[in-house]
Amino acid sequence: MTTTVDTSAETQTAEKTPKKIGVPKEIYEGECRVAATPETAQKLQKLGFQVLIEAGAGEKANCPDSEYEKADCQIISDTETLWKTADIILKVRQPLENKTLGKHETDLLSAGQTLISFIYPAQNKDLLEKLAARKATVLAMDAIPRISRAQKMDALSSMANIAGYRAIIEAANNFGRFFTGQITAAGKVPPAKILIIGAGVAGLAAIGAGRSLGAIVRAFDTRPVVKEQVESMGADFLELEFEEDGTGEGGYAKVMSKEFIEAEMSLFAEQAKDVDIIVTTALIPGKKAPTLITTEMVESMKEGSVIVDLAAEQGGNCEVTRPNEVYRYKGVTIVGLTDLPSRMANQSSQLYGTNLWHLLNDMGGSDGYKIDWEDEVVRGALVAQNGEVTWEPPKPAPVPSIHSTSTPGLAVQQAAQAKAASGFKNLGSLIMIIVGVIALTGIGVAAPQNFISHFTVFVLACFVGWQVIWNVTPALHTPLMSVTNAISGIIIVGGMLQLTNGAPQITQILGAVAIFVGTINIAGGFLVTQRMLKMFQK
């Protein structure tokens, strides 16, 4: 007799076992961030993950172990146990040599595990080879494609935002005056002048912080497309009369021509003599940071000026920058700190943890977790899998256009079709005009005199109203509600007159409808206007 054992329940239980996320303590010297805060850990748990935290991992980010325990996280005291137990390792910094264990963090990875952290694959080819040798799956948060769908996972932008804000705070700490101008009984204080080089995420954050402190802010960028963003934040955009666009792939800047570089260096030399603070943010992916502020420019700056170099970790934009140092060079304070996001560790950890949560959510959570090569975001961040280095991802195929089609006859055909469609559209408009003229002529001949006068006013009102509404900037549509409220009030008055002056029944019905519709318009208009005004109230 054969006994059949039903293992389906056991199989289902095994399948439902949640994947474990491990968050180790960062070992990079001076690093205070952590890859998951208690808040983001709870979000990960809602995705079905079990969260393991190394003891003390969040202490420097003001996230003690007790807070993680309240968030139902499991605290692991042994580093190696954490790495071996977790299915997915979340880190901030790239794997490094752990001097306490006497091992490199890559050696703690096992086949089939997933590591998600900053990797910087373009600068760390040897690290990629080590990670691939462990046959682990590695996703680089710094390689997330800069596309609209991936903004919520863009950790580089999250950290750059904090770095730009903190750069102004560091500049204020090392600057000997107010940022805002003041006139006091003791004398006049001129406003500080700040030059921001590079108007990316960090640059825009620095502009916002500088303007909020009352400084005069100027900004320069090789990408003309950012001019509107800079000016909308109250800063002056410095332009070169040079027809060259510095917009590169993925929203980054590209290497400019020799002539353009000479022109911008001349601009920087001129500005250095006038401004009090310079913040440089210029970086080109995979390359050393370009030198934009020379020794001569630094020497030409006023005594007490400050330079904050956000590119210090990759060589610096200033020729005299010393990474991880703040020192004075001939009266000018040079700030070369490379840990600005880490100096606001709690906020940085919260934003970075949210970026990771969004990524894991898009990857299916615990139950549906998978590495989807068809997903543009996942494929862009994937740098190693199954023993192979998968970085760089293939570039998307260019979208064919009428100018680049491989079939010359097709372009001619499409142009002819477009021309024919335009002709039909013009003919249709002409027919409509002719029909309208004939209809108005018939009305003028057959209708009574009173109707003609009222109809003329009606047509003119429709035309004027159409011109007024369609020629108003969309940004002013909400304030326009106040005007439409007034117009609706006149409509209600007219409707009331029709109800009380003994007009025919059909006229009274139309008057009642006008009152009803006008009342709705007035009430809705005031409601929308009130909501708009509340947006500007603190």
Side-chain angles (χ1 to χ4, degrees), residues 14-22 35-36 40 43-50 86-91 94-95 106 109-125 127-158 247-252 285-286 351-401 404-406:
E15 290 176 352
K16 291 182 179 179
T17 301
K19 288 188 176 295
K20 297 179 180 179
I21 288 178
T40 62
K43 290 184 176 181
L44 292 172
Q45 290 168 357
K46 290 180 181 179
L47 294 179
F49 293 104
Q50 182 180 346
D87 301 299
I88 303 171
I89 298 293
L90 301 184
K91 275 180 52 63
Q94 65 209 46
T106 54
L109 281 171
S110 58
Q113 272 187 313
T114 299
L115 169 66
I116 305 178
S117 72
F118 283 104
I119 299 294
Y120 301 105
Q123 292 93 351
N124 293 304
K125 299 292 180 63
L127 177 61
L128 283 184
E129 295 295 337
K130 287 182 179 180
L131 291 168
R134 303 299 299 178
K135 296 185 178 181
T137 298
V138 183
L139 296 170
M141 290 302 291
D142 50 280
I144 294 285
R146 284 192 161 176
I147 58 177
S148 297
R149 185 172 71 84
Q151 288 182 357
K152 59 188 177 183
M153 310 169 223
D154 190 353
L156 280 179
S157 293
S158 297
T247 304
E249 293 182 4
Y252 296 96
L351 294 180
Y352 181 63
T354 303
N355 293 142
L356 292 170
W357 170 72
H358 279 300
L359 176 61
L360 291 169
N361 187 26
D362 275 22
M363 293 174 69
S366 178
D367 294 337
Y369 176 81
K370 67 174 181 177
I371 304 296
D372 186 1
W373 281 58
E374 300 300 321
D375 187 323
E376 185 179 3
V377 176
V378 174
R379 180 63 189 92
L382 188 66
V383 296
Q385 188 181 31
N386 298 330
E388 296 182 4
V389 174
T390 59
W391 190 83
E392 298 179 60
K395 295 182 180 180
V399 178
S401 66
S404 62
T405 178
S406 58

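Counting from 1, the numbers follow the sequence of the chain as shown.
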List, one per line, each side-chain donor-acceptor pair under 3.5 Å for residues 117-124, sequence neighbours excluded.
unit_1: Asn124; atom_1: ND2; unit_2: Ile119; atom_2: O; d: 2.8
unit_1: Asn124; atom_1: ND2; unit_2: Tyr120; atom_2: O; d: 3.1

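At a threshold of 4.5 Å between non-hydrogen side-chain atoms, the residues Val389 and Lys125 do not count as touching. A 4.5 Å side-chain heavy-atom check between Leu356 and Thr40 finds every atom pair outside the cut-off.
Leu44 CG to Lys19 NZ: the interatomic distance, rounded to the nearest 0.5 Å, is 14.5 Å. Here the straight-line distance linking atom OH of Tyr352 with atom NZ of Lys91 works out to 8.5 Å at 0.5 Å rounding. One distance of note links CD of Glu388 with CD of Glu129; it measures 11.0 Å at 0.5 Å rounding. The CG atom of Asp154 lies 12.0 Å from the NE2 atom of His358; values are rounded to the nearest 0.5 Å. We find the CD-CZ distance between Glu392 and Arg379 to be 10.0 Å, quoted to the nearest 0.5 Å. Within the model, atoms CG of Leu47 and CE of Met363 stand 12.0 Å from one another, a figure rounded to the nearest 0.5 Å.
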Mind running side-chain contact (heavy atoms from CB on, under 4.5 Å) on Val378 and Lys370 for me, showing each step along the way?
CA-CA 10 Å; Val378 174; Lys370 67 174 181 177; over 6 Å; no
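Counting all heavy atoms, side chain and backbone alike, Phe49 lies closest to Ser366 at CZ-N, 3.5 Å. Pairing each heavy atom of Ala86 with each of Gly22, the nearest pair is CB-N, 3.4 Å. Heavy atoms only, all atoms of each residue included: Leu115 and Pro95 are closest at CD2-CG, 3.6 Å. Shortest non-hydrogen contact noted between Gly48 and Pro18 is O-CB, 2.9 Å. Contact record, Asn355 with Lys152: ND2-O, 2.9 Å, taken as the closest heavy-atom pair. Of all non-hydrogen atoms in Thr106 and Leu131, the two that sit nearest each other are CG2-CD2, 3.4 Å.
Judged as a salt bridge (charged side-chain N to carboxylate O under 4.0 Å, His left out), not a single pair has a partner in residues 110-121 (not counting sequence neighbours).
When the side-chain hydrogen bond (donor to acceptor under 3.5 Å, both in side chains) test is applied to Gln94, no partner is found at least two apart in sequence or on another chain. Contacts of Gln385 classified as side-chain hydrogen bond (donor to acceptor under 3.5 Å, both in side chains), with partners at least two apart in sequence or in another chain: Trp373. In terms of the side-chain hydrogen bond (donor to acceptor under 3.5 Å, both in side chains) criterion, residue partners of Thr114 (sequence neighbours excluded) are, by chain and number, Tyr369. Looking at residues two or more places apart in sequence or on another chain, you find a side-chain hydrogen bond (donor to acceptor under 3.5 Å, both in side chains) between Arg149 and Asp375.
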